[in-house]
J.: 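The structure under discussion is supplied below as structure tokens; questions concerning it will follow.
One-based numbering, in listed order, for ligands and for the atoms of each.
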Amino acid sequence: MSPAQNSNPHPPVDVDVDAIVVGAGFAGLYAVYRLREMGLSHRGFEQGSGVGGTWYWNRYPGAGSDSESWVYSYTFSEELEQDWTWSSRFPPQPEILRYLEHVAERFDLARAFTFDTRVTAARYDETRNRWEVETASGEKVTATWLITAVGCLSSAAVPDIPGRDDFAGPWYHTGEWPHQGVDFTGKRVGVIGTGSSGIQAIPVIARQAAHLTVFQRTPNFSVPARNRALAPQEVDELKRNIKEIREFCRWSTIGQPYDFQDRNALDLDPGELRERLEAMWQKGGFEWMFGGFPDMLYDERANDIAAEFVREKIRETVKDPAVAEKLIPKDYPIATKRLPLDNGYFETYNRDNVTLVDLRETPIERIVGAGVRTTEKTHELDMLVFATGFDALTGPLLRLGIRGRGGRKLEDKWAEGPRTYLGVATEGFPNLFMVTGPGSPSVLGNMPTSIEQHVDWICELIAHMRACGAARAEPTTDAEASWGAHVQELAAETLFPQADSWYLGANIPGKPRVFLPYIGGFGTYRKLCNEVAEKGYEGFALG
Ligand code: NA7
């Protein structure tokens, strides 16, 4: 154990530290590790009772990562990378949580955090150049730097359907799942929502419940995950090559161990294209799309080839043609809503105990004691699952009650949509650094890869500030405005704005329609961040 690991005994209440970290998931744990390496005093707050972040909360049946396990992890410790062995291609939630618990224990990170503690306010005191953070339990801690590591998809959205509280049985949101689990045996279960969470959960719930009714508002495309156990020889080979694999991820478009081809779908002979789509479909995973052809995300004709391919697969898989047609997305380009990976999702509709309710044909009128009443009838249910998503990217930040210079509220500044520089900082809020904030690649890439890059970059900026004696860093209005325009321009060149997705805030009533992540590619983004740093943190006012 290094001396730095012992240098941060849990400070008493109402103290001052160098940095406060909010959140103990992938991002918060790594931030604490880096701060400690730098010899900075720090304090972490976490709403959950333990580490894990996303993987602490999302314990619904079937939950797991859609990134290949061997890259869904940290790279900062070679020993950790070599010691830890994943069981399967796509790790299930319990295993990821075990991994994060192992990391916290191995590097003694948990003691930096106060658990079961929600941050309720974070105010910047201009005269003292300090962030004052207040928690729900009344504790106050001040710091020079405030690092938010609150995740992108951590603010659960339960829709305000009339009568929600009248439901006689228990209901759950996938993102706030009970730790003791839920037993669906013998129950009539309803699932509202067919995004990634619903698509992961539905096949598993269907196998357990007496009857499952799926309430679908928008049909979703989905690609088979083809998850499988990793054989020992494969693990050995991955570990042998892990350095090269990780280096590839660092510069790739979505931080994964594959990248787009350097040719377009429309340049290929249709037969060859079909063969390639079929081969990749058999392989499974995101690679089907994101190891494919770039024009599929830019050109409607190319996108439609991919979409039509999946539509045919749905028709082949689902035995009842009427059900298949309801499951087929027809009014937005494929992958412009987050593309789910599935383990037998469409096959689930061939089961006798599963009913699909198309809410476009028969919308929900209200929830009643006995179940969900649509314009057609009351679907009687014992349990209800909301797989209805999150207030993505901005939601987790806005609920921290952040106020910057002059008492300005972050929610006021972002009333028309988030404004950031590189997705990491925002003008008027000095020394506030957001890990994978809006305007960074975040959810468009492999999260641990994004997180490590962001935390490293933030820590290097802090080191730079200390080296040059700067007390404050915040973006200039110009740098922020041009970054914001760049993020929107890049998105406008793609097909993404055509879908009502959470990337655009379209899932939250009243949320401004602004494309939230940076879509220029993770490798390009890393290069830009490096250039900003090399130019003395160009775009930041250091004071
Ligand atoms: P998503 O992808 O936002 O999916 C939410 C689903 O819930 C989606 O099918 C929505 O339909 C549906 N929804 C939301 N509100 C309602 C109401 N009021 N009535 C009916 N249906 C509704 O969330 P997930 O949790 O699945 O995935 C989030 C991300 O977490 C995922 O992409 C991964 O990155 C991890 P809609 O499409 O809006 O019509």
J.: For ligand 1, which part of Phe390 has a heavy atom less than 4.0 Å away: the side chain, the backbone, both, or neither?
T.: side chain
J.: Between Ser197 and ligand 1, does any nitrogen or oxygen pair lie at a separation below 3.5 Å?
T.: yes
J.: Does Asp358 come within less than 4.0 Å of Lys326, counting only side-chain N to carboxylate O?
T.: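 Not counted as a salt bridge, because no side-chain N and carboxylate O are separated by less than 4.0 Å.
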J.: May I ask which of Ala387, Pro340, Gly193 has a heavy atom nearer to atom 5 (C) of ligand 1 than the others do?
T.: Ala387
J.: How does Ile199 reach ligand 1, if at all, at less than 4.0 Å between non-hydrogen atoms: by side chain, backbone, both, or neither?
T.: neither
J.: Considering only heavy atoms of Arg338, which atoms of ligand 1 have at least one such atom less than 4.0 Å away?
T.: 32 (O), 33 (C), 34 (O)
J.: Sort out for me which residue in Thr348, Asp342, Val385 forms a side-chain contact (heavy atoms from CB on, under 4.5 Å) with Ile202.
T.: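 The passing option is Thr348.
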J.: Taking Arg217 first and then Asp500, would you say they form a salt bridge - that is, a charged N and a carboxylate O separated by under 4.0 Å?
T.: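 Judged by the 4.0 Å cut-off on N to carboxylate O distance, Arg217 and Asp500 do not form a salt bridge.
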J.: Give a yes or no on whether a salt bridge exists between Arg373 and Glu380, defined as a side-chain N under 4.0 angstrom from a carboxylate O.
T.: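 No salt bridge links Arg373 with Glu380.
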J.: Could you tell me whether Lys313 sits above the aromatic face of Phe346, with NZ or CZ closer than 6.0 angstrom to the six-membered ring centre and within 45 degrees of the axis?
T.: no
J.: Just need the protein heavy atom nearest to atom 20 (C) of ligand 1, so name the residue and atom and give the distance.
T.: Ile192 CG2, 3.5 Å
J.: Quick check for you: to the nearest 0.5 Å, what is the distance between Glu176 atom CD and Ser155 atom OG?
T.: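 Those atoms lie 8.5 Å apart.
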J.: Are the ring centres of Phe293 and Tyr298 closer than 6.0 Å?
T.: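 No: the rings miss the under 6.0 Å criterion.
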J.: Starting from atom 3 (O) of ligand 1, what is the nearest protein heavy atom, named by residue and atom, and what distance separates them?
T.: Trp502 CD1, 3.2 Å
J.: Nearest protein heavy-atom contact for atom 18 (N) of ligand 1: which residue, which atom, what distance?
T.: Pro159 CB, 3.2 Å
J.: Mind checking whether Leu153 has a heavy atom under 4.0 Å from ligand 1?
T.: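 Leu153 counts as a contact of ligand 1 under the 4.0 Å cut-off.
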J.: Check whether any N or O atom of Thr218, backbone or side chain, sits under 3.5 Å from an N or O atom of ligand 1, and answer yes or no.
T.: yes
J.: Assess whether a salt bridge exists between Asp304 and Arg311, defined as any Lys/Arg side-chain N lying under 4.0 Å from an Asp/Glu carboxylate O.
T.: yes
J.: For atom 9 (O) of ligand 1, grab the closest protein heavy atom and report residue, atom and distance to one decimal in Å.
T.: Thr194 N, 2.9 Å
J.: Measuring centre to centre across the rings, with the benzene-like ring taken for any Trp, is Tyr74 within less than 6.0 Å of Phe26?
T.: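 Distance test on ring centres: under 6.0 Å, yes.
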J.: Can you name the atoms of ligand 1, numbered from 1 with element, that are less than 4.0 Å from a heavy atom of Leu359?
T.: 20 (C)
J.: Residue-level breakdown please: for Lys337 versus ligand 1, do any non-hydrogen atoms fall below 4.0 Å on the side chain, on the backbone, on both, or on neither?
T.: side chain
J.: Going by heavy atoms in the side chains, are Trp84 and Arg98 under 4.5 Å from each other?
T.: yes
J.: Do Arg338 and Trp502 form a cation-pi contact, if we require the NZ or CZ to be under 6.0 Å from the six-membered ring centre and within 45 degrees of the ring's axis?
T.: no
J.: When you measure from atom 13 (N) of ligand 1 to each heavy atom in Met447, Gln216, Arg217, which option holds the nearest one?
T.: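 The residue whose heavy atom sits nearest atom 13 (N) of ligand 1 is Arg217.
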J.: Take every heavy atom of Phe215, measure it against each atom of ligand 1, and state whether any distance is under 4.0 Å.
T.: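 The answer is no: ligand 1 sits nowhere under 4.0 Å from a heavy atom of Phe215.
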J.: Considering only protein heavy atoms, which is closest to atom 23 (O) of ligand 1, and at what distance to one decimal place?
T.: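 For atom 23 (O) of ligand 1, the nearest protein heavy atom comes out as Gly389 CA, 3.1 Å.
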J.: Checking a contact table here: which protein heavy atom is nearest atom 4 (O) of ligand 1, and how many Å away?
T.: Gly195 CA, 3.4 Å
